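Below you'll find the structure, written out as structure tokens, and then a few comments.
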Amino acid sequence: MKLNNSSLHYYIMKHIVNLGYAPKIHDISQYFDTSKTEVIKALKALQDYHGVVLHPNSSEIWVMHPFSTAPTNFWIESNTGSWWGNCAWCSLGAAALLKQNLTITTTLGGESRQITIEIKDGQIRNKNLFIHFPIPMINAWDNVTFTCSTMLMFETSNDIDDWCKRHAIPKGDIQPIDKIWEFSKVWYGNHLNPNWVKWSVDEAKDIFQRFELSHSIWNMPANAGRF
């Protein structure tokens, strides 16, 4: 099989979905019957394309949205497996990709109070939650791991006001969980496609507009690149 962004992304994503963890460089090298040097080159190209995040000292896979290979505050579990999601948005995206009954366990605001979100038959059972997006999308990839770490769940907008004040993090956009659930289905709906292509900035803007994500957090400039 030819090694390119689409085929590499598909192989890694299927591996994570099926086994709960990412393949190592050695595994990828064997699968594509190519050298580790060529695999690392391809992984770095996929990272530049915003399709993966690599460990800086090893080039092994750290993050492939919506999944993380390292422990996070979002634990996704079903009868067939378990996974880490990067954030509230990613966890819902993972649930949309997995297309099965599952739970997402996290803590409100990344603090001490634990909650479990149940998704059954494609529907969120406990909808009285909100997701806070404090980092402008235009800056999301400046430090995408930090960006994801701040996309958290809360019970009320007042809780978010208090949280932002206590942690000196600017208040961003607040969206109900059921809206982001529907948004995530579209955003991550193509991630298990063998012919996957990263959303362009203009495509991302169109999706934001479709779901009426109109807060300045979601503003993106005209750009021919990839989000």
Side-chain angles (χ1 to χ4, degrees), residues 9-23 27 51-53 61-133 144-145 147-157 159-160 173-196 198-199 204 207-208 210-213:
H9 183 275
Y10 180 68
Y11 171 66
I12 297 169
M13 189 65 73
K14 284 288 288 183
H15 196 286
I16 295 173
V17 166
N18 291 338
L19 299 176
Y21 58 90
D27 301 318
V52 73
V53 180
I61 297 157
W62 183 0
V63 168
M64 175 164 274
H65 294 91
F67 299 101
S68 172
T69 69
T72 70
N73 191 40
F74 291 86
W75 180 244
I76 306 158
E77 192 167 14
S78 76
N79 289 334
T80 67
S82 51
W83 305 263
W84 284 303
N86 297 288
C87 62
W89 177 8
C90 283
S91 297
L92 294 174
L97 270 184
L98 293 165
K99 294 182 179 178
Q100 52 188 286
N101 296 338
L102 51 76
T103 58
I104 301 169
T105 301
T106 187
T107 58
L108 295 172
E111 298 178 346
S112 63
R113 186 177 168 193
Q114 189 177 81
I115 59 167
T116 298
I117 296 95
E118 181 182 6
I119 298 178
K120 188 172 183 179
D121 299 329
Q123 299 295 320
I124 295 178
R125 290 302 182 93
N126 39 335
K127 296 183 179 181
N128 297 322
L129 292 166
F130 296 88
I131 299 174
H132 181 220
F133 298 86
V144 72
T145 306
T147 298
C148 283
S149 74
T150 65
M151 294 180 187
L152 301 168
M153 295 191 185
F154 296 84
E155 286 188 324
T156 70
S157 58
D159 292 340
I160 295 171
D173 191 27
I174 301 170
Q175 292 291 338
I177 189 173
D178 52 338
K179 181 175 179 178
I180 299 303
W181 169 234
E182 297 302 322
F183 167 58
S184 297
K185 291 177 185 178
V186 174
W187 187 262
Y188 285 109
N190 200 40
H191 273 51
L192 269 175
N193 186 337
N195 299 313
W196 169 87
K198 181 71 174 178
W199 295 123
I207 297 171
F208 297 164
R210 190 191 318 176
F211 287 91
E212 298 180 341
L213 299 172

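Computed from a predicted model, the values in this text were never measured in an experiment. The chain is numbered in sequence order, starting from 1.
Contact record, Phe74 with Met151: CZ-O, 3.7 Å, taken as the closest heavy-atom pair. Counting all heavy atoms, side chain and backbone alike, Leu129 lies closest to Asn126 at CD1-O, 4.1 Å. Listed here is the closest heavy atom pair of Thr103 and Glu118: CG2-CA, 4.4 Å.
Pairs engaging residues 79-99 under the salt bridge (Lys or Arg N to Asp or Glu O under 4.0 Å) rule: none recorded [sequence neighbours left out]. Within the structure, side-chain hydrogen bond (donor to acceptor under 3.5 Å, both in side chains) contacts touching residues 69-78 (residues at least two apart or in different chains) are Asn73-Thr106, Asn73-Thr107, Trp75-Glu77, Ser78-Thr80, Ser78-Gln100.
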Indicate every side-chain donor-acceptor pair of residues 86-97 with a distance under 3.5 Å to a residue at least two apart or in another chain.
{"unit_1": "Asn86", "atom_1": "ND2", "unit_2": "Pro66", "atom_2": "O", "d": "3.2"}
{"unit_1": "Asn86", "atom_1": "ND2", "unit_2": "Phe67", "atom_2": "O", "d": "3.2"}
{"unit_1": "Ser91", "atom_1": "OG", "unit_2": "Cys87", "atom_2": "O", "d": "2.7"}

Expected list for residues 9-16: side-chain donor-acceptor pairs under 3.5 angstrom, two or more places apart:
{"unit_1": "His15", "atom_1": "ND1", "unit_2": "Tyr21", "atom_2": "O", "d": "2.8"}

- [ ] Mind running side chain to side chain contact (heavy atoms under 4.5 Å, CB included) on Arg210 and Phe183 for me, showing each step along the way?
- [x] CA-CA 9 Å; Arg210 190 191 318 176; Phe183 167 58; over 6 Å; no

TODO: Begin with the C-alpha distance, continue with both residues' side-chain angles, and end with the deciding distance and a verdict on side chain to side chain contact (heavy atoms under 4.5 Å, CB included) for Leu152 and Glu111.
DONE: CA-CA 10 Å; Leu152 301 168; Glu111 298 178 346; over 6 Å; no

Open item on the list: Please evaluate residues Asp159 and Leu108 with respect to the criterion side chain to side chain contact (heavy atoms under 4.5 Å, CB included), reporting the C-alpha separation (whole Å), side-chain torsions for both, the decisive distance (0.1 Å), and the verdict.
Closed with: CA-CA 9 Å; Asp159 292 340; Leu108 295 172; 5.9 Å; no

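Atom CG of residue Leu213 and atom CG of residue Asp173 lie 6.5 Å apart, to the nearest 0.5 angstrom. Taking NE2 from His132 and CE from Met153, the interatomic distance works out to 14.0 Å, rounded to the nearest 0.5 Å. Distance check: Phe211 CZ to Lys179 NZ gives 9.0 Å after rounding to the nearest 0.5 Å. For the atom pair Thr116 OG1 and Leu102 CG, the distance stands at 11.5 Å (nearest 0.5 Å).
Looking at heavy atoms from C-beta onward, Thr145 lies in side-chain contact with Trp62 at the 4.5 angstrom threshold. Looking only at side-chain heavy atoms (C-beta outward), Met64 and His191 stay at 4.5 Å or farther from each other. Put simply, the side chain of Phe154 does not reach to within 4.5 Å of the side chain of Ile174, judged on heavy atoms. In this structure the side chain of Asn79 never reaches within 4.5 angstrom of the side chain of Asn101, judged on heavy atoms. Put simply, the side chain of Val63 does not reach to within 4.5 Å of the side chain of Val144, judged on heavy atoms.
By the ring-ring contact (aromatic ring centres under 6.0 Å, His included) test, Phe208 pairs with Trp187, Trp218, sequence neighbours left out. With sequence neighbours left out, the side chain to side chain contact (heavy atoms under 4.5 Å, CB included) criterion links Gln123 to Lys127.
Judged purely by atom type and a 3.5 angstrom limit, Lys120 has no side-chain atom pairing as donor or acceptor with the backbone of Arg125.
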